[in-house]
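Notes for the one structure printed next.
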Amino acid sequence: MFPQRQLLRATPRLTAQLRAANSPVFRSALQRRLASTENAFVKERNAVKEHAAATTELWRKISIYAVVPALILAGLNAWNLWNEHWEHWSHMPPLEERVEYPYQNIRSRNFPWGDGDKTLFWNDKVNYHNKDKTT
């Protein structure tokens, strides 16, 4: 019974002390005291903050002045290659006239969609399959 009584008596005092330690007046005085000291830790922390600010600015400039133009140039290159690719396809013979080799379009069983002959990513402009036409 004795330890419980001490605990019950100490609780209000403890909570009052904690409230006083968390009060804005106490916190601001503590912050002023810590900010006024110019020790090695504060100097190092300020140096890290300055370095972080400089590094952030560097990467912001790299992102704006290097990455954006590189993406634009890569997009133009991809667009030109795409057009050259389809220009090359326009000179090829029609799909029906091309040779279909035995290793192309191997089917061990039908697909569960469509007519069962076309893959999931079938494109009629570039894919052609004639079951009767193999060399």
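Sequential numbering from 1 along the given sequence is applied to the chain's residues.
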Inset, instruction - Rounded to the nearest 0.5 Å, what's the gap from NZ on K61 to OG1 on T56? Could you check? - result: 12.0 Å
Inset, instruction - Give a yes or no on this: more than 12 heavy atoms of other residues, nucleotides or ligands lie within 6.0 Å of atom CD of E57. - result: yes
Legend entry - Any donor-acceptor N/O pair, W82 side chain to N77 backbone, under 3.5 Å: no
Legend entry - Side-chain heavy-atom pair L81, H85 within 4.5 angstrom cut-off: no
Legend entry - Approximate separation, where rounding is to 0.5 Å, of N39 CG and R45 CZ: 8.5 Å
Inset, instruction - Determine, using the 4.5 Å side-chain heavy-atom cutoff (strictly less than), whether V68 and L76 are members of one ILVMFWY cluster. - result: yes
Inset, instruction - Spell out, as yes or no, whether a donor-acceptor pair under 3.5 Å connects the side chain of S90 to the backbone of E87. - result: yes
Inset, instruction - Treat each ILVMFWY residue as a node, draw an edge where side-chain heavy atoms are under 4.5 Å apart, and state whether Y65 and I62 are in one component. - result: no
Inset, instruction - Any chance you could measure N123, atom CG, to F121, atom CZ, to the nearest 0.5 Å? - result: 12.0 Å
Legend entry - Nearest-0.5 Å distance, OG1 of residue T119 to CH2 of residue W113: 7.5 Å
Inset, instruction - Give a yes or no on whether W79 and W86 share a hydrophobic cluster (residues Ile, Leu, Val, Met, Phe, Trp, Tyr; joining criterion: side-chain heavy atoms under 4.5 Å apart). - result: no
Legend entry - Rounded distance [0.5 Å steps], NZ in K118 versus CG in N127: 9.5 Å
